[in-house]
Every structure is written in C-alpha cells, then in structure tokens.
Q: 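Encoded as structure tokens, here's the structure I'll be asking about.
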Amino acid sequence: MGLLDILLGRTKPVAPDLDQLFALPSAAVTLEAAAGFTPTGRGAVCFATVEGGAFEQTHREVQALLDADAERTGPPVELTQDSYGYSWLVSHRAPDELSALVNDLHAVNSAMEVNGFGPQLLCSLAGFEDDGGRRLALVYLYKRGTFFPFAPLAGDGQRRDSSLELQVKSMLGNDLRIEQDLSRWFPVWGAPGL
C-alpha cells in the first residue's frame, strides 16, 4: 500500500484465509457448552453463479470429489439456487461429523479459488440448533476472512434474533475471527445449509 492509498483512505482487501474454517469444531464445543447449540450436520458454500464451460467443469469436479466420499452418510452434495440468484453447494453430514463438514466446505472453497473463481465466492456457513428449535448459522465471509453469527427467528417474516447473535459474538471471540463491523453481518435468508 502506497502513500497515496493511505491519503485517499483506500485499504488493501484482506486475503481470504480458508484455514479459519478449521476453527469451527472447537467453536462448536464452546457454543454447545455456553448456549446449548449443536451442529445440524448441514453446511453450504454460496457463490455468484457464473456461466461458461470452465465454471461448469469446476462445479462437476467439486461435486464428484465430495460425492465420492465413501464414509458419507445421508444425501449427497447438492447444488441449489436461492431466490436472489446465488448458487449454494450444500453438504449434508451426520450432526456429529462437523469436522467432515468443515472439510467439505474447505474443499469447495479451495477448488473454486484454485480454478480462478475466488472472486465469485461469497460465504460459507455451518448450521446449528438448540433444544428449543432455535436455528443459528456461523457464516464465514470469504472476502473478509471473518465469521459472524446469523440467527433467524422462527415464523413467516424475515426477522433475526440480534440479541442471540451478539451473545454468540461474545462467546466465540476466543475461538473464531469474528467480524467486528456489524454492518457486514448480512442476513442469509433462505440459505439452504441453515
């Protein structure tokens, strides 16, 4: 970063650190002990859809890699599209296989990045729920290298439990690199991995 960038207030973008995803299992232990949330076994990677043969080939390779896992229980990895036009590659694992789910999320992100589609990656998430049926996602922002909690409220409307999100932020501050700019805690309504 040069002097002109400093004077004009420009900042260098944070480089993605996909290894941050591997902190999720230890954060899950803290989350269960402090708030009673356990993994659902569902997670997803969100990316902007790209047209073209190279992207289709990358998608097929990633899906084949994850579906080839002989130890996978439950349905295979699936590709869905949300109402906003974003694509989600969703992985299903047993709730006690969070480490395997994290490996899936890391593999998808890495393959997209290696094949030149890093700019299309938006976020990854892992789903959690408590005994009362409250849902929570720990969302990894690819371009920021940070996490934030997203807690949608049950019901028809698109409302979130901001109080729970702030509690989770304080609980997991030692386990995950939490996004400090709350304006970047965007809702992921209808995320298929949640």
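Only heavy atoms go into these numbers, but all of them, side chains included; no hydrogens, no water, no symmetry mates.
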Q: Do Leu166 and Leu182 make a side-chain contact, defined as non-hydrogen atoms from C-beta onward lying under 4.5 Å apart?
A: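 They are in side-chain contact.
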Q: Applying the 4.5 Å side-chain criterion to the ILVMFWY set and letting contacts propagate, would Leu194 and Tyr84 be lumped into a single cluster?
A: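 Yes; tracing contacts between hydrophobic side chains, which count when under 4.5 Å, links both residues.
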Q: Can you tell me which residue pairs pass the side chain to side chain donor-acceptor pair (under 3.5 Å) test with a partner in residues 127-136, sequence neighbours excluded?
A: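 Counting only pairs at least two positions apart or across chains, the side chain to side chain donor-acceptor pair (under 3.5 Å) contacts touching residues 127-136 are Asp130-Arg134.
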Q: Listing request: all side chain to side chain donor-acceptor pair (under 3.5 Å) pairs with a residue in residues 27-46, at least two apart in sequence or in separate chains.
A: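 Sorted result for residues 27-46: Thr30-Asp175.
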Q: State whether the number of non-hydrogen atoms from other residues, nucleotides or ligands found under 6.0 Å of Tyr86 atom OH is greater than 12.
A: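 Counting neighbours around OH of Tyr86, 12 or fewer heavy atoms of other residues, nucleotides or ligands fall under 6.0 Å, so no.
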Q: If you compare all heavy atoms of Leu105 against all heavy atoms of Gly43, which two are closest, and at what distance to 0.1 Å?
A: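 Residues Leu105 and Gly43, closest heavy atoms: CD2-C, 4.0 Å.
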Q: Rounded to the nearest 0.5 Å, what separation is found between the CD atom of Glu165 and the CD atom of Gln167?
A: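 So the gap between those two atoms works out to 10.5 Å.
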Q: Name all residues meeting the side-chain hydrogen bond (donor to acceptor under 3.5 Å, both in side chains) criterion together with Trp185; count only those two or more places apart in sequence or in a different chain, and write none if there are none.
A: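 So Trp185 forms no side-chain hydrogen bond (donor to acceptor under 3.5 Å, both in side chains) with any residue.
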Q: Quick check: does any side chain N or O of Lys143 sit under 3.5 Å from a backbone N or O of Leu121, one acting as donor and the other as acceptor?
A: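 Flag set: sc Lys143 to bb Leu121 pair under 3.5 Å.
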Q: Taking C-beta and beyond as the side chain, do Phe150 and Leu125 meet within less than 4.5 Å on heavy atoms?
A: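 No, their side chains stay 4.5 Å or more apart.
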Q: Which is it for Tyr140 and Leu18 under the side-chain contact (heavy atoms from CB on, under 4.5 Å) test, yes or no, and what are the steps along the way?
A: CA-CA 9 Å; Tyr140 175 75; Leu18 292 176; 4.1 Å; yes
Q: Is it the case that over 12 heavy atoms from other parts of the model lie below 6.0 angstrom from the CZ atom of Arg159?
A: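 Not buried by this count: 12 neighbours or fewer within 6.0 Å.
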Q: Can you name the salt bridge (Lys or Arg N to Asp or Glu O under 4.0 Å) partners of Asp181, sequence neighbours left out?
A: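 For Asp181, the residues satisfying salt bridge (Lys or Arg N to Asp or Glu O under 4.0 Å) (neighbours in sequence not counted) are Arg184.
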Q: Passes side-chain contact (heavy atoms from CB on, under 4.5 Å), Phe147 versus Leu24? Steps please.
A: CA-CA 10 Å; Phe147 288 88; Leu24 277 172; 3.8 Å; yes
Q: Taking the side chain as C-beta and beyond, is there a heavy-atom pair between Asp161 and Pro152 under 4.5 Å?
A: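 Not in contact.
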Q: Using the test side-chain hydrogen bond (donor to acceptor under 3.5 Å, both in side chains), find all partners of Glu61 that sit at least two apart in sequence or belong to another chain.
A: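 With sequence neighbours excluded, Glu61 shows a side-chain hydrogen bond (donor to acceptor under 3.5 Å, both in side chains) to Gln57, given in chain and number order.
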Q: For Phe37 and Leu164, what are the C-alpha separation, side-chain angles and deciding distance, and is it a side-chain contact (heavy atoms from CB on, under 4.5 Å)?
A: CA-CA 11 Å; Phe37 280 89; Leu164 175 59; 3.6 Å; yes
Q: Going by heavy atoms in the side chains, are His106 and Asp19 under 4.5 Å from each other?
A: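 Side chain of His106 against side chain of Asp19, heavy atoms only: contact under 4.5 Å found.
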Q: For the backbone of Asp17 and the side chain of Gln20, can you confirm whether one donor and one acceptor N or O come within less than 3.5 Å of each other?
A: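 Not at all, since once roles are kept as given, no pair shorter than 3.5 Å links the two residues.
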Q: Less than 4.5 Å apart, side chain to side chain, heavy atoms only: is that true for Val62 and Asn115?
A: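 No - every pair of side-chain heavy atoms lies 4.5 Å or more apart.
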Q: Would you find a donor on one side and an acceptor on the other, under 3.5 Å apart, between the side chain of Gln120 and the backbone of Phe47?
A: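 Between the backbone of Phe47 and the side chain of Gln120 there is no qualifying donor-acceptor contact (under 3.5 Å).
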Q: What residues, two or more places apart in sequence or in another chain, satisfy salt bridge (Lys or Arg N to Asp or Glu O under 4.0 Å) together with Glu179?
A: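 Scan of Glu179 (salt bridge (Lys or Arg N to Asp or Glu O under 4.0 Å), adjacent residues dropped) gives Arg144.
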Q: May I have the step-by-step check of side-chain contact (heavy atoms from CB on, under 4.5 Å) for Asn109 and Ser124, ending in yes or no?
A: CA-CA 8 Å; Asn109 280 287; Ser124 299; 2.9 Å; yes
Q: Side-chain contact, heavy-atom cut-off 4.5 Å: Val188 with Cys46?
A: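 No, their side chains stay 4.5 Å or more apart.
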Q: Are Phe186 and Leu138 joined in one hydrophobic group, where the rule is that I, L, V, M, F, W and Y side chains link up if heavy atoms are under 4.5 Å apart?
A: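 Linked within one cluster.
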